[in-house]
Amino acid sequence: MSEDILQAEHSPKIHQESDQPHVTDRTFFIDASNQSLTAIPLEILALKELEEVHLENNGIKEIPQDIQHLTSIRILYLDKNNLRGLCPELGALSNLEGLDLSSNPLVPSSLQVLSSLRALRELRLYHLDLEEIPAVICKNLHHLELLGLSGNRLKSLPKEIVNQVKLREIYLKQNQFKVFPQELCVLHNLEIIDLDENKLSALPEETGDLTRLQKFYAAHNNLSSLPKSLCQCSKMTVLDLSHNLLESMPCALGELTEMTEIGLSGNPLEKVPRLVCRWPSLHLLYLHNTGLRALRSSFQQLLNLRFLDLSQNHLDHFPSQICALKNLEILALDDNKIVQLPSELNLLSKLRIFGLTGNKFLSFPEEIFSLASLEKLYIGQDQGSKLSCVPEQIGKLQSLKELYIENNLLEYLPASLGSMPKLEVLDCRHNLLKQLPDEICHAQGLGVPLLEDNLLTRLPEDLDSLEHLRVLTLVNNPMGYPPVEVCAEGNEAIWTYLKESRRERIKIQAWWRGIMVRKGLGKFEELQKARRKGKTSPKDKKGKKNGKGKPGKGNKK
C-alpha cells in the first residue's frame, strides 16, 4: 500500500524513558544499539536490576553464559547482529516478556531454547530464513500475544500453534504459504493477521470465525474470490487485498460498517464494488490500477474519506462525485486521461496532496489555484500531454511546499515562484528551460531545485543566498555560469563559485563607486538612475550650461 500510510509489520518497540546520566547498579534501561559492538559488554551483564536492553544493529556474535544473571530483564532486542546460535543460559530468563532475534544468521536448531521462556509475550523472528518453526515453541509458550515470522520460507505452521490461545498478532508476510494456515481459525483472540506476499489462492470459510479480527493483510497473493463469512468479522477496520485476482467482492461484506481502510489496487475490478460505498467510516481507499472508467454515483456518500488513490485507470474526466468529499486530504489521479478539472474543485478545501502526473491537459489547469491548502502538486507529464508554461497565478498557492513539473516543454518559469514562502522542492527536470527567473532567489524556503536535462547556461547570481539550499542538480545543461566543469564537481563547488563571483562583483562595484565619487560625478546610485533614463551626470549638465551662457576665451560670439 502507499508509503503515506504506515502498515507496521512489527509492533512498535516502546523505549522506557530513563533520566539517568550514567550507568549504576540501579539502572533499569540500556540502549546500546548501533554501536558497532562485537560482544555484549560485561558492564551490561553486571547490572542485576536491568529490565530493558537494546542491542540491535551491532555485530554481536554470541550471547555469553552470563546472560543468566540478568534475572530481572523483561525486554531484550538483539535483532540485526551476527548471532549463529543461542546459549542454553538464555532459557533461564524467567521474566523475559519481549525478545527480538530477527535478521541474524541463526541455526534453526538453536531456537529450541526459546521454549523455556514461559513468560514470553512478544517473539520476533523475522528474516531468519526458517523453513519451519520448532513445534516445542508453540507447545510450551502459552502467553504469546505477538508472533513475528515474516521474511522466512514457511509453507505451513506447526499444528501446536493452536495452543496460542492468547495470540493477538501474527505476522507471516513474505513466506511461501499456498494455503491459508487453517490452525489460525481457532485462535479467536487474533486481531491482526499479515499474510502479504505469499501464494494464497483462497481463504477458508472458517476465517469468519475470527470475530475479533481488526486488521487483515493479504496483498500480493493469488486470491480470485473471498468467503462470504468474512462479514462475521464485525470489528474489521483494515482490509488489504491489493494485487490479487479479484473481479468482485461479496455484497455481504457491506455489513463491515467499521471499515476505515480498504486496499483493492491491482485487481481487475473495472467497477468500484457497490459495497464500498456503504462504508461510512472509510478514511483510506486504494483503487490504483483497477481498470476503472467512472465512479458510481453513490461514491459521494464517502464523506469521511481522507485518502483516495485512483491512479493508473482509464478515467477521461474528473469524477464530479469527488468534489463532494470535503474531508479529502490526498488525491491521486496520476496516469489517467483527464483533460480538464471542474470549477467545483475549490470545494476540496482540505486537499493537501494532489497527483495529476501523466494526464491529457492541453494547458496548465488553472482550477488548481483555488486550492489554498495545497502543499504538494504533482503534474509532471512523462506519459501525458506536455505543458508549455506554468501561469504566474501559481503564486496564489501560498501553502505549496513541493512542486513537481518534470517532463514537460517548459522554456521559462513564472517569477511568482519567488513569492511562495513555503516552497521547498521544485522539480523541473527534463524540460526546455533556458534561464531561471532572478525572483527565484526570494523563495527563501527553497532547498531542492532539480534542474537536470534542460537548456540552462547560467544560474541567477544570488542563488547561493538561499539559506536552505541543499540539493541542486544541473546534469545535462550547457552551463557557462558556473562552467560545466564546476557544476560537475557538485554543490559545494557551485556555491563556492557563486560566492566568489559575488565577492568580485561587489569589489568591482565598490571600485567604480569610488571613482565616480572622486571625480565629482555624484553618488553612485544617482549615476545608475541617470544611466537608466539615458541622461548625463550633473557635472556634464553644469558644463553644458556654462558653455552656453558664458563662452570661454577661445570661443567666438
Side-chain angles (χ1 to χ4, degrees), residues 10-128 130 133-149 163-164 166:
H10 305 256
S11 283
K13 301 175 181 178
I14 302 174
H15 294 196
Q16 293 180 355
E17 294 184 3
S18 176
D19 295 325
Q20 284 111 341
H22 60 278
V23 175
T24 71
D25 59 355
R26 295 288 295 172
T27 299
F28 300 102
F29 171 86
I30 286 288
D31 185 354
S33 58
N34 305 293
Q35 300 297 316
S36 301
L37 300 174
T38 57
I40 300 178
L42 296 177
E43 294 85 352
I44 291 179
L45 298 173
L47 301 173
K48 302 294 177 59
E49 299 193 29
L50 203 56
E51 295 183 3
E52 182 167 348
V53 182
H54 291 260
L55 291 163
E56 58 265 36
N57 201 24
N58 281 293
I60 298 171
K61 298 179 180 179
E62 65 176 0
I63 300 176
Q65 295 179 352
D66 288 347
I67 195 77
Q68 63 185 316
H69 299 313
L70 300 180
T71 55
S72 299
I73 195 167
R74 295 187 303 104
I75 304 294
L76 178 59
Y77 292 138
L78 283 162
D79 47 304
K80 299 178 182 176
N81 278 284
N82 291 322
L83 298 174
R84 304 194 68 84
L86 303 176
C87 64
E89 289 76 12
L90 183 65
L93 304 181
S94 59
N95 290 309
L96 195 62
E97 297 179 4
L99 176 63
D100 192 343
L101 295 169
S102 303
S103 301
N104 277 287
L106 284 170
V107 177
S109 59
S110 67
L111 296 177
Q112 301 279 351
V113 68
L114 301 182
S115 62
S116 300
L117 301 173
R118 302 301 178 89
L120 211 56
R121 293 191 297 116
E122 297 185 0
L123 176 60
R124 295 177 173 86
L125 301 173
Y126 301 108
H127 303 289
L128 295 182
L130 300 174
I133 301 300
V136 67
I137 292 178
C138 297
K139 183 178 180 180
N140 292 348
L141 303 182
H142 300 298
H143 297 285
L144 279 182
E145 297 178 11
L146 181 150
L147 180 57
L149 298 168
N163 293 320
Q164 302 303 318
K166 294 184 179 181

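Numbering of residues begins at 1 and proceeds along the displayed sequence.
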Would you give the length of the straight line joining atom CD1 of I75 to atom CG of L96, rounded to the nearest 0.5 angstrom?
-> 7.0 Å

Hits for side-chain hydrogen bond (donor to acceptor under 3.5 Å, both in side chains) against H142, two or more places apart or cross-chain, chain-then-number order -> none

Any chance you could measure E145, atom CD, to K166, atom NZ, to the nearest 0.5 Å?
-> 7.5 Å

Which heavy atom of S94 sits nearest a heavy atom of A119, and at what distance?
-> O-CB, 3.3 Å

Step through the shown structure and confirm whether more than 12 heavy atoms of other residues, nucleotides or ligands are within 6.0 Å of CD on Q35.
-> yes

Would you check if the side chain of N95 reaches a backbone N or O of I73 as a donor-acceptor pair within less than 3.5 Å?
-> no

SB check E97 R121 (cutoff 4.0 Å) | yes

The side-chain hydrogen bond (donor to acceptor under 3.5 Å, both in side chains) partners of N140 (sequence neighbours excluded) come to none

All heavy atoms of Y126 vs all of S102, minimum pair found to be N-OG, 3.0 Å

In residues 110-117, what donor-acceptor pairs under 3.5 Å come from side-chain atoms, sequence neighbours left out?
from: S110; atom 1: OG; to: V107; atom 2: O; distance (Å): 2.6
from: S115; atom 1: OG; to: Q112; atom 2: O; distance (Å): 2.8

Which pair of heavy atoms, one from L50 and one from F29, lies closest together, and at what distance?
-> CD1-N, 3.7 Å

Between NE2 on residue H143 and CZ on residue R118, distance to nearest 0.5 Å | 9.0 Å

With sequence neighbours left out, write down each residue that passes side-chain hydrogen bond (donor to acceptor under 3.5 Å, both in side chains) with N57, or none if nothing qualifies.
-> N34

Just wondering, do T71 and L93 contact through their side chains at under 4.5 Å, heavy atoms?
-> no

Examine distances only and state if a side-chain atom of N82 and a backbone atom of I60 form a donor-acceptor pair shorter than 3.5 Å.
-> no

Counting distance only, does the side-chain N/O of N58 pair as donor-acceptor with the main-chain N or O of L37 below 3.5 Å?
-> yes

When every non-hydrogen atom of Q164 is compared with those of L144, the smallest separation belongs to OE1-CB, 3.2 Å

Residues which pass side-chain hydrogen bond (donor to acceptor under 3.5 Å, both in side chains) with Q68, listed by chain and number, not counting sequence neighbours = none

Calculate, to the nearest 0.5 Å, the distance between atoms OG and CD belonging to S33 and E56 respectively.
-> 4.5 Å

Examine distances only and state if a side-chain atom of S72 and a backbone atom of E49 form a donor-acceptor pair shorter than 3.5 Å.
-> no

Do S103 and K80 touch side chain to side chain, with heavy atoms closer than 4.5 Å?
-> yes

Reported CG-to-CG distance for the pair L149 and L125, which is rounded to 0.5 angstrom | 6.0 Å

For L70 and L45, which heavy atoms make the closest approach, and how far apart are they?
-> CD2-O, 3.7 Å

For residues 60-69, the salt bridge (charged side-chain N to carboxylate O under 4.0 Å, His left out) pairs (sequence neighbours left out) are none

Under 3.5 Å, side chain of N104 to main-chain N/O of N81, donor-acceptor pair present?
-> yes

Heavy-atom nearest pair, L128 first then L101, reads CD2-O, 3.3 Å

CG of L76 to CD1 of I67, rounded to nearest 0.5 Å, is 5.5 Å

Is there side-chain contact between I40 and L55, with heavy atoms separated by less than 4.5 Å?
-> yes

Hey, does the side chain of N163 reach the backbone of L141 with a donor-acceptor pair shorter than 3.5 angstrom?
-> no

List the steps and the verdict of side-chain hydrogen bond (donor to acceptor under 3.5 Å, both in side chains) for H54 and E52.
-> CA-CA 7 Å; H54 291 260; E52 182 167 348; 2.7 Å; yes

